[in-house]
Amino acid sequence: MEIEHRNNITVVGDPQGRPVVLAHGFGCDQNMWRLTVPALAEKHRVVLFDYVGSGRSDPSAFSEDRYASLDGYAQDVVEVCEALDLRDAVFVGHSVSAMTGVLAADAVPERIGALVMVAPSPRYIDDEGYRGGFSAGDIDELLASLESNYLGWSSAMAPMIMGNPERPELGEELTDSFCATDPDMARVFARTTFLSDSRDDLEKVTVPTLVLECAQDVIAPRGVGAFVHRAIPGSTLVTLDTTGHCPHLSAPEATNEAITGFLAGLR
Amino acid sequence: MMCRAGQQSGPYGADDEEAANASFAALLEDGAEELYENAPCGYLSTLLDGTVVKINATLLGWLGLEREEVVGRMRFTDLLTVGGKLYHETHFAPLLRMRGEIGGIALEMKQAGDKRMPVLVSSAVKHGEGGQPLLIRTTVFDARDRRAYEEELLRARKAAEEARRQAEADRARLQQALAVLQRSLLPDTLPAIPGMETAAHYRTASPDRLGGDFYDVFPLGGTRFAFFLGDVCGKGPEAAAVTSLTRYTLRAAALHDPDPVSVLATLNEVLHERYTGGDPRYCTVVFGIVDPDPESGRAAVRIASGGHPPALVLRADGRADFLPTPGGLLVGIMPAASFATAATTLAPGDALLLYTDGLTEARTGEDRTALYGDAALRAFAADHAGEPPGAVMKALADLLDGFGDGLDDDTALLALGVPSRPAPGPATKNTP
């Protein structure tokens, strides 16, 4: 299968620049990076994609088994890097995708040379000596919450919302529905995301890493960013003075500044 | 009551006029602020970071909160349940940021006493003159009734999905059971006949139904082997029961007296006796004996047929001819039946082909209305005459594949042939 089509890959920016891969987290798709791309495109080859099961990826490529673990999503990243033959790319992952990037960088070290972790969390559920912010019951509540909002989701919409290379004219109206996903696939992603525990994977990171956290984040509370920073020796922690879980949307300038600053410092 | 002319005070009279004035005054007093506070929906305004700066009395009442504990102290997400918070952060907030407005999102808000209230939330960003975002205005609708209805729908959908899954599992189980049963009605492999080659093929029209076709090959002692192939009327479990009875009756009868006519007569008696009354069961069948002679490399064949389509003989020189058995009666329908006999000799390179009418009655052509027919089968057989039984069977299986949905009856095929060159040993081929 064509990975470009499967993962709805978009490539913009300077073809000669160091590649930067922008990976969305649970909930939406590559449109989340709309305010980030302009800041990077001038000097970098910017690669955007949708994980299988999100955005306008090819729904026929979805497999509940594969995407029941973060390894499946990391495999998407690896395959995207291979499809474009990326070398020494900078992987920017939001939320759960930051951990996906850790797994992918470990799998193909020659392809991923640096990590930017935006509002990362290696574990969402509280544990002894660790505050992830949620209890197991809370996560069940999210799954129920997802269900109630997907009543309006209709399978008739699916082909329009998801991968439709034959009808690019649909692009315009699609920008409005980018968070709409097949509920069954979203449920799998939600479970995989919020039940994951990737704390032990952090020690695998050997590349330069920037950890970006938000001052007030409901999903990755203060302390989680510091935990990630401590677990990755040599990493840089930047706390953005913003609220919410999506600093690239709520504080795009500060987020872009932090990322471009980090990129400029890489050799 | 009298009404004096010229003193009418409107259609409602003086008391009514007062009431009208009172309602008009009430309407005037119900200004924008009053409407905001007590509208039948919740209103709140937040800063871009979610801090609540304004909230109406209706929403405070629903949540059981005092204005002072909320305004400037709580964020919008603080009013939501954990599930709502997660949904807000992963879907609602990003969409609102991207689009400037969002509508009809189902969330749950926390109420006093650990209760939760399903709501539908719409938000829009208020922009300043320069286009910079200033505030988020949010409307909250009570969705308790709607949610109850939706949950009913979800439950019904889940039940329907579960029923569908169960039905699929049942169907798969049934198909598996049928396949096992079907195999029990057919030989696993054909026995090796010294100096001959054999091949068989069986295809049911549907995995949901047991087929009524059958065949077998078995030794009679000495160099002789018996073979048969037939078709029980009907399909399904009843036909399978008849098939089973037929198969074992033919085998037992042949051991007692292998003469083809006497074997069919025994079967006729058994079926007729067993299925008398309102449920007559019968079949068509060809029963035969083959006696290969290693000395001459030839095999003598004698068959008897009870109402079955004629066998085909494929000659080494490329001819294919029917071996007519006219006049044989259906087996099991009459108390005493007569059967037609025929005999031939297979020389090296010759083969005998038995088939059921699933093959000749396959629907062909664009509109699937023509039948494949005897002439086409004979021509096809002539094209493959001289080939070993295994190759003939492969060609026939491909032919059946080509019929696609035109094949709506079961088909059984059995071929017995003498190798064109002296074979080093017996060979059999069995394509299931």
Side-chain angles (χ1 to χ4, degrees), chain A residues 24-29 31-35 54 94-96 119 124 133-152 175-181 183-184 186 189-190 193-194 214-220 241-252, chain B residues 46-52 74-110 116-121 125 132-133 136 143-144 146-158 161:
Chain A
H24 68 86
F26 166 73
C28 289
D29 62 21
N31 282 292
M32 294 283 278
W33 300 108
R34 208 186 287 173
L35 307 179
S54 299
H94 173 227
S95 193
V96 68
Y124 297 86
F134 297 95
S135 70
D138 293 342
I139 302 306
D140 290 340
E141 227 183 82
L142 167 72
L143 297 175
S145 197
L146 277 175
E147 191 118 308
S148 58
N149 269 300
Y150 280 124
L151 274 173
T175 50
D176 270 6
S177 49
F178 74 86
C179 271
T181 316
D184 293 329
F189 197 4
T193 297
F194 291 107
C214 299
Q216 303 280 343
D217 186 341
V218 170
I219 292 193
D241 183 21
T242 184
T243 309
H245 188 54
C246 304
H248 42 324
L249 291 177
S250 62
Chain B
T46 58
L47 300 177
L48 294 175
D49 70 358
T51 306
V52 177
M74 290 175 96
R75 294 178 201 274
F76 178 54
T77 46
D78 295 331
L79 306 177
L80 302 175
T81 60
V82 180
K85 244 180 235 183
L86 280 167
Y87 192 83
H88 179 272
E89 292 301 312
T90 53
H91 291 75
F92 191 100
L95 271 171
L96 182 59
R97 289 276 178 188
M98 306 290 279
R99 305 205 305 216
E101 59 178 19
I102 183 170
I105 300 294
L107 296 171
E108 282 193 322
M109 300 189 99
K110 291 189 286 196
R116 49 191 55 211
M117 176 173 173
V119 292
L120 283 176
V121 177
V125 178
Q132 77 281 17
I136 299 167
R144 282 174 285 202
R146 190 190 122 134
R147 185 65 55 84
Y149 172 62
E150 287 173 348
E151 275 167 7
E152 227 22 76
L153 284 181
L154 275 178
R155 249 197 300 280
R157 193 182 71 186
K158 276 185 186 149
E161 274 169 13

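Numbered from 1 within each chain, the chains take letters A, B, ... in sequence-line order.
A distance-only check finds a donor-acceptor pair linking the side chain of B:E89 to the backbone of A:H245 [under 3.5 Å].
Inter-residue side-chain proximity for A:Q216 and B:D49 is flagged as unmet; no heavy-atom pair is nearer than 4.5 Å.
Within the model, atoms CE of A:M32 and OG1 of B:T90 stand 8.5 Å from one another, a figure rounded to the nearest 0.5 Å. From A:F134, atom CZ reaches atom CG of B:L86 across 4.0 Å, with rounding to the nearest 0.5 Å. With values rounded to the nearest 0.5 angstrom, B:M98 atom CE is found 5.0 Å from A:N31 atom CG. Within the model, atoms NZ of B:K85 and CD of A:E141 stand 9.5 Å from one another, a figure rounded to the nearest 0.5 Å. The OG atom of A:S250 sits 11.5 Å away from the CG atom of B:L96 when rounded to the nearest 0.5 Å.
Around the CG atom of A:D140, the shell of radius 6.0 Å holds more than 12 heavy atoms that belong to other residues, nucleotides or ligands.
Both the backbone and the side chain of B:T81 come within contact range of chain A, with heavy atoms under 4.5 Å apart. For B:E108, no part sits under 4.5 Å from any heavy atom of chain A, backbone or side chain.
B:R97 is linked by a salt bridge (Lys or Arg N to Asp or Glu O under 4.0 Å) to nothing, counting only residues two or more places apart in sequence or in another chain.
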